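Each remark here refers to the structure printed beneath this line.
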Amino acid sequence: SILDKSIINTNIKESFTEDILTILIPKLNTCVKNKESVVFETLINIDDSYYNYSLEKNSCRFKITILPNLDSENISFISVTFINLTQLIEFEYEGKNYRNEYNNLMTLLKTAGLVIWRWDVRNDKTTASKGYIELYDFDPEKYNAAVEWGKRIHPDQVESSFKALSDHLEGKSDFFHTDHMYTHSKYDDYIWISVLGLTVEFYDDGSPKTLMGITQNITDKENYKLN
């Protein structure tokens, strides 16, 4: 294993009980060995001493996406996304103000060039965290997000980007991921963005109802590759 368990313990073990490590480490090793993404669902026990949930049971079902970022033929880093599939839970941090924690999280995401978005597929409505307008260069409450996004993608990458999205909506892929150049009024040249999303809610007929995802400005990383 090439995994640094001290990093895993610091970032994950605080939130979950020890059994998450026995679940996650083999999946991470599979990702590293095959250089392919791994998507799976599992029940994870929640540490009551860390969260104060209004739950009778101390476990939640999560959809976990392990995504390798390949630099040439090598993995430069691996991102792991946890999506809580259990019903929406009201919780508060013990001894902390939830609103302050939320604002701090949104500020952190914006500083890192990350935004979180939620897309109501059938009604074509998008809501997002702070920083969406600055990154995407339009307000999703005033414009059709999918249309405006498509207008700004580099012409050579429009087809592949929308194919990645349509493949996921049609159930051909477990998640939707695309890295592409993106025109922005604030910059003279294209920026690079990375978009990762997956369906978190379905209609009774199995069609996708809600997609959630993250978008990151990866311009510096792409420029570094070129140099």
Side-chain angles (χ1 to χ4, degrees), residues 23-44 60-86 109 113-129 132 135-136 140 144-182 192-218 221-222 225:
I23 297 171
L24 192 58
I25 289 176
K27 301 291 186 180
L28 284 166
N29 285 329
T30 299
C31 172
V32 171
K33 180 180 178 181
N34 299 330
K35 296 182 179 179
E36 294 179 349
S37 59
V38 178
V39 181
F40 63 102
E41 293 183 15
T42 184
L43 281 173
I44 299 177
C60 295
R61 176 163 289 279
F62 282 80
K63 187 168 188 175
I64 302 176
T65 301
I66 303 174
L67 183 67
N69 188 284
L70 297 176
D71 187 0
S72 296
E73 295 183 356
N74 298 315
I75 297 177
S76 56
F77 65 89
I78 297 173
S79 62
V80 182
T81 305
F82 291 76
I83 302 294
N84 193 338
L85 301 180
T86 309
L109 289 172
L114 281 162
V115 297
I116 300 175
W117 48 264
R118 182 183 181 93
W119 180 31
D120 179 341
V121 179
R122 189 169 293 181
N123 296 314
D124 203 11
K125 292 183 178 180
T126 301
T127 55
S129 63
Y132 184 99
L135 178 59
Y136 274 96
N144 182 300
V147 172
E148 293 301 315
W149 169 62
K151 288 180 181 178
R152 291 165 169 79
I153 299 174
H154 189 283
D156 294 341
Q157 297 170 313
V158 172
E159 183 177 351
S160 60
S161 297
F162 272 94
K163 185 178 186 306
L165 175 59
S166 63
D167 282 351
H168 178 62
L169 292 175
E170 293 170 10
K172 297 178 181 178
S173 61
D174 292 323
F175 59 89
F176 153 58
H177 176 237
T178 175
D179 294 345
H180 58 74
M181 290 183 284
Y182 189 83
W192 277 86
I193 64 174
S194 178
V195 186
L196 173 66
L198 55 83
T199 303
V200 296
E201 192 175 8
F202 296 86
Y203 287 102
D204 292 339
D205 62 4
S207 59
K209 181 178 182 180
T210 306
L211 264 69
M212 287 190 68
I214 56 175
T215 301
Q216 184 177 24
N217 186 334
I218 58 170
K221 188 183 78 170
E222 293 299 322
K225 289 181 181 179

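Below, each value reflects all heavy atoms present in this structure, side chains not excepted, and no hydrogens, waters or symmetry copies. All values derive from a computational prediction rather than experimental measurement.
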- [ ] Any chance you could lay out the side-chain contact (heavy atoms from CB on, under 4.5 Å) test for Thr42 and Ile64, step after step, and finish with the verdict?
- [x] CA-CA 8 Å; Thr42 184; Ile64 302 176; 3.9 Å; yes
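- Atom CD of Glu159 and atom OG of Ser166 lie 9.5 Å apart (nearest 0.5 Å).
- Atom OG1 of Thr126 and atom CG of Asn144 lie 7.5 Å apart (nearest 0.5 Å).
- The minimum heavy-atom distance linking Trp192 with Met181 is given by the pair CE2-CG, 3.3 Å.
- The number of heavy-atom neighbours closer than 6.0 Å to NZ of Lys27, taken from other residues, nucleotides and ligands shown, is 12 or below.
- Between Trp149 and Phe162, the ring planes are tilted. Angles from 30° to 60° get that label.
- Between Pro208 and Leu211, the shortest heavy-atom distance links the atoms CB-CD1, 4.3 Å.
- Heavy-atom contacts from other residues, nucleotides or ligands closer than 6.0 Å to CD of Glu170 number more than 12.
- Closest heavy-atom contact between Thr215 and Trp117: OG1-NE1, 3.0 Å.
- In this structure, Pro68 and Ser37 have side chains that are in contact, with non-hydrogen atoms separated by less than 4.5 Å.
- In this structure, Tyr182 and His180 have tilted ring planes: the angle between them lies in the 30° to 60° band.
- Side-chain contact between Lys125 and Pro140: absent, with no pair of heavy atoms (C-beta onward) separated by less than 4.5 Å.
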TODO: Might you work through the side-chain contact (heavy atoms from CB on, under 4.5 Å) test for Asp124 and Trp119, ending with a clear yes or no?
DONE: CA-CA 7 Å; Asp124 203 11; Trp119 180 31; 3.0 Å; yes
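- Here the closest heavy-atom approach between residue Ser173 and residue His168 is recorded as O-ND1, 3.0 Å.
- To the nearest 0.5 Å, atoms CG (Asp174) and OG1 (Thr199) are separated by 10.0 Å.
- Within a 6.0 Å sphere centred on NZ of Lys163, other residues, nucleotides and ligands contribute 12 heavy atoms or fewer.
- To the nearest 0.5 Å, atoms CD (Glu148) and CD1 (Ile153) are separated by 11.5 Å.
- Contact detail for Asn123 and Asp120: the closest heavy-atom pair is ND2-OD2, 2.9 Å.
- Taken to the nearest 0.5 Å, the CG atom of Leu198 stands 5.0 Å off from the OG1 atom of Thr65.
- In this structure, the separation between CG on Leu165 and CG on Leu169 is 4.5 Å, given to the nearest 0.5 Å.
- For CG of Asp204, the number of neighbouring non-hydrogen atoms (other residues, nucleotides, ligands) closer than 6.0 Å is 12 at most.
- Between Val115 and Ser129, the shortest heavy-atom contact is CA-OG, 3.5 Å.
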- [ ] Please lay out, stage by stage, how Leu24 and Ile66 fare under the test side-chain contact (heavy atoms from CB on, under 4.5 Å).
- [x] CA-CA 9 Å; Leu24 192 58; Ile66 303 174; 4.0 Å; yes
